[in-house]
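As the structure is a computational prediction, the values presented were derived from the model and not from experiment. By convention here, the first residue in the shown sequence is residue 1.
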Amino acid sequence: MAKKPYICNNNQATSHNNSPTHMSSIIHHKSTVKAVITTVICILLMSAFPWNAQAQERHNMLHRLDSLLSIRYMRADIDTHYIMRPPTKWTIRGHLNVSGAKIMAEGVNDGRRLASELKADYKKTLSMGVSYMGIALNFALNPAKLLGRYNDYELNINSYGKRFGFDVIYQNAHNFTGWEDVQGQERIELPANLLKLQTLNINAFHTFNHRRFSYPAAFTQSYIQRRSAGSLLLALSAQGQKGTLKYNHQSFFKMTNIGIGAGYGYNYVPAPGWLFHLSALPTFIVYSKTSLTVDDNHIPLRYHFPEVIITGRGAIVHQRGNIFYGISGVFNFTNIGDENSLTVRNTKWRSRAFLGFRL
């Protein structure tokens, strides 16, 4: 009898796949997948835990730093009936700044009196400042310099603290224009680029009545003056100057002056929200070193009392709620020499209009 060929039908295949050996393989495969998934989840959880801990640690550190800044910001030796800190932490301000410089000289040359005046181009900048509890960041933009219309350089650094403050002004200018008068002759107009001048002015002060009188209330708005008050001021001034003048002759001059003195400042509050500030700090020059050379000939500049450096400041501030605006200015004047031989007067000023708000 012939042997039937083997036919593998569906029932036989199903019966073969359901064998104990194959079922064990499937169970083992599923267990492996579960183990892998569980391991991955554990690894993710373990890696996430240190990140959360580090984030929490950073948050706590920033909170402690903010608390220290708040204590430093609010803890001040002041009479709160007269001045106070703003109740907010953030202050944002915008400024329009304009500055200028002028040099005047008078004297006698060959028995004839002479006088001259030179002015630098006005410098105009836009600036913005952001302050958080007394820590400030400021930046300025000079549109004329970006357009190539202003080639001089000027740097202003100022700090107005509760007790101490200072202004530092550095200028490198060669765009002076002006005139010269010589006795018996017609006035001569002086074009630009005849004078190249570098000037450094420094004025520092100490406020005695710092518990009731606030310079920052007038100039940085980091305090608020609530009642009128004034203070005696101790001042130190310094000026350094170096320049070259090319007109008929080539002249080179260099001077260094240091002055010590005292002045007075007053904050007038006529009504809530208003502040008028005015201060003057005259200093008498106690150290002076000056040299003037014309075509290799040295010309002495004799000391003549009084030689002074005077710094004046003024401001008007108005506040409405958390918005404030106003104007302020700083003025530096130096007078050295003797009119019977040669005297030089330097004037440097800066004015500012501002608008700001507190958050």
Side-chain angles (χ1 to χ4, degrees), residues 83 85-86 88 90-102 119-132 134-147 149-150 152-161 165-171 173 175 199 201-203 205 213-226 228 265-281 310-333 347-359:
I83 56 178
R85 281 288 198 181
T88 57
W90 289 93
T91 302
I92 300 175
R93 293 176 298 165
H95 311 106
L96 170 63
N97 310 288
V98 182
S99 62
K102 181 174 70 173
K119 289 184 179 180
D121 288 346
Y122 295 149
K123 177 190 174 185
K124 306 177 185 70
T125 61
L126 299 173
S127 61
M128 184 175 180
V130 179
S131 174
Y132 181 74
I135 299 177
L137 177 65
N138 298 275
F139 64 92
L141 179 68
N142 188 337
K145 197 171 185 67
L146 294 177
L147 296 174
R149 299 174 183 173
Y150 185 87
D152 291 352
Y153 177 78
E154 184 173 326
L155 174 67
N156 290 273
I157 302 174
N158 53 72
S159 175
Y160 296 99
F166 62 84
D167 276 291
V168 178
I169 305 172
Y170 172 76
Q171 183 183 39
N175 59 7
T199 305
N201 289 298
I202 301 174
N203 176 258
F205 60 86
F213 169 83
S214 175
Y215 251 122
F219 291 94
T220 64
Q221 291 74 54
S222 58
Y223 284 86
I224 298 174
Q225 188 82 39
R226 306 178 69 184
S228 301
Y266 192 75
N267 282 346
Y268 175 54
V269 182
W274 283 98
L275 170 61
F276 294 83
H277 168 85
L278 191 63
S279 62
L281 292 89
I310 300 174
T311 301
R313 296 180 177 90
I316 301 174
V317 183
H318 183 49
Q319 178 176 317
R320 285 188 174 184
N322 286 337
I323 299 175
F324 59 87
Y325 52 89
I327 56 174
S328 64
V330 179
F331 173 87
N332 292 282
F333 173 78
T347 304
K348 185 74 180 74
W349 58 269
R350 183 189 76 241
S351 63
R352 169 178 290 175
F354 56 87
L355 171 66
F357 56 93
R358 301 184 176 98
L359 300 175

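The closest donor-acceptor contact from the side chain of Ser228 to the backbone of Val269 lies under 3.5 Å. Under a 3.5 Å cut-off, the side chain of Gln225 and the backbone N or O of Ser214 do form a donor-acceptor pair. No side-chain donor-acceptor contact under 3.5 Å links Gln221 to the backbone of Tyr223. In this structure, the side chain of Arg313 does not engage the main chain of Phe331 through any donor-acceptor pair within 3.5 Å. Lys123 places a side-chain N or O within donor-acceptor distance of the main-chain N or O of Glu154, the cut-off being under 3.5 Å.
Rounding to the nearest 0.5 Å gives a distance of 5.5 Å between CZ of Phe333 and OG1 of Thr347. Taking CZ from Phe357 and CD1 from Ile92, the interatomic distance works out to 4.0 Å, rounded to the nearest 0.5 Å. Summarising the geometry, atom CG belonging to Leu126 is positioned 6.0 Å from atom CG belonging to Leu141; distances are rounded to the nearest 0.5 Å. Taken to the nearest 0.5 Å, the CZ atom of Arg352 stands 10.0 Å off from the CG atom of Leu96. A distance of 14.5 Å separates CZ of Arg226 from CG of Asn267, quoted to the nearest 0.5 Å.
Here the closest heavy-atom approach between residue Asn138 and residue Gly129 is recorded as OD1-CA, 3.0 Å. Of all heavy-atom pairs spanning Ile316 and Phe354, the tightest one is O-CZ, 4.1 Å.
Between Ile224 and Arg358 there is a side-chain heavy-atom pair separated by less than 4.5 Å. With a 4.5 Å cut-off on side-chain heavy atoms, Phe324 and Arg93 count as touching. Using a 4.5 Å cut-off on side-chain heavy atoms (C-beta onward), Ile202 and Phe166 make no contact. Residues Trp349 and Val98 have side chains in contact (heavy-atom distance under 4.5 Å, counting atoms from C-beta outward). Residues His95 and Thr125 are not in side-chain contact: their nearest non-hydrogen atoms beyond the backbone lie 4.5 Å or more apart. Between Tyr215 and Ser279 there is a side-chain heavy-atom pair separated by less than 4.5 Å. Looking at Ser99 and Lys124, their side chains never come closer than 4.5 Å, going by heavy atoms from C-beta outward. In this structure, the side chains of Asn203 and Ile169 stay at 4.5 Å or more apart for every pair of heavy atoms.
Taking the six-membered ring for Trp and thresholds of 30 and 60 degrees, His277 and Phe219 have ring planes more than 60 degrees apart, a perpendicular arrangement. Below 30°, between 30° and 60°, or above 60°: for His318 and Trp274 the angle between ring planes is below 30°, a parallel geometry.
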* Go through Asn332 and Asn201 one step at a time and tell me if the side-chain hydrogen bond (donor to acceptor under 3.5 Å, both in side chains) criterion holds. => CA-CA 8 Å; Asn332 292 282; Asn201 289 298; 5.7 Å; no
* After noting the C-alpha distance and the side-chain angles of Asn97 and Ser127, does the key distance pass the side-chain hydrogen bond (donor to acceptor under 3.5 Å, both in side chains) rule? -> CA-CA 8 Å; Asn97 310 288; Ser127 61; 3.0 Å; yes
* Asked: Could you walk me through whether Phe213 and Ile83 pass the side-chain contact (heavy atoms from CB on, under 4.5 Å) check?
  -> CA-CA 7 Å; Phe213 169 83; Ile83 56 178; over 6 Å; no
* To do: Determine, stepwise, if the pair Arg350 / Asn156 fulfils side-chain contact (heavy atoms from CB on, under 4.5 Å).
  => CA-CA 9 Å; Arg350 183 189 76 241; Asn156 290 273; 3.5 Å; yes
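Annotation: Ile323, atom CD1; neighbour count of heavy atoms from other residues, nucleotides and ligands within 6.0 Å does not exceed 12.
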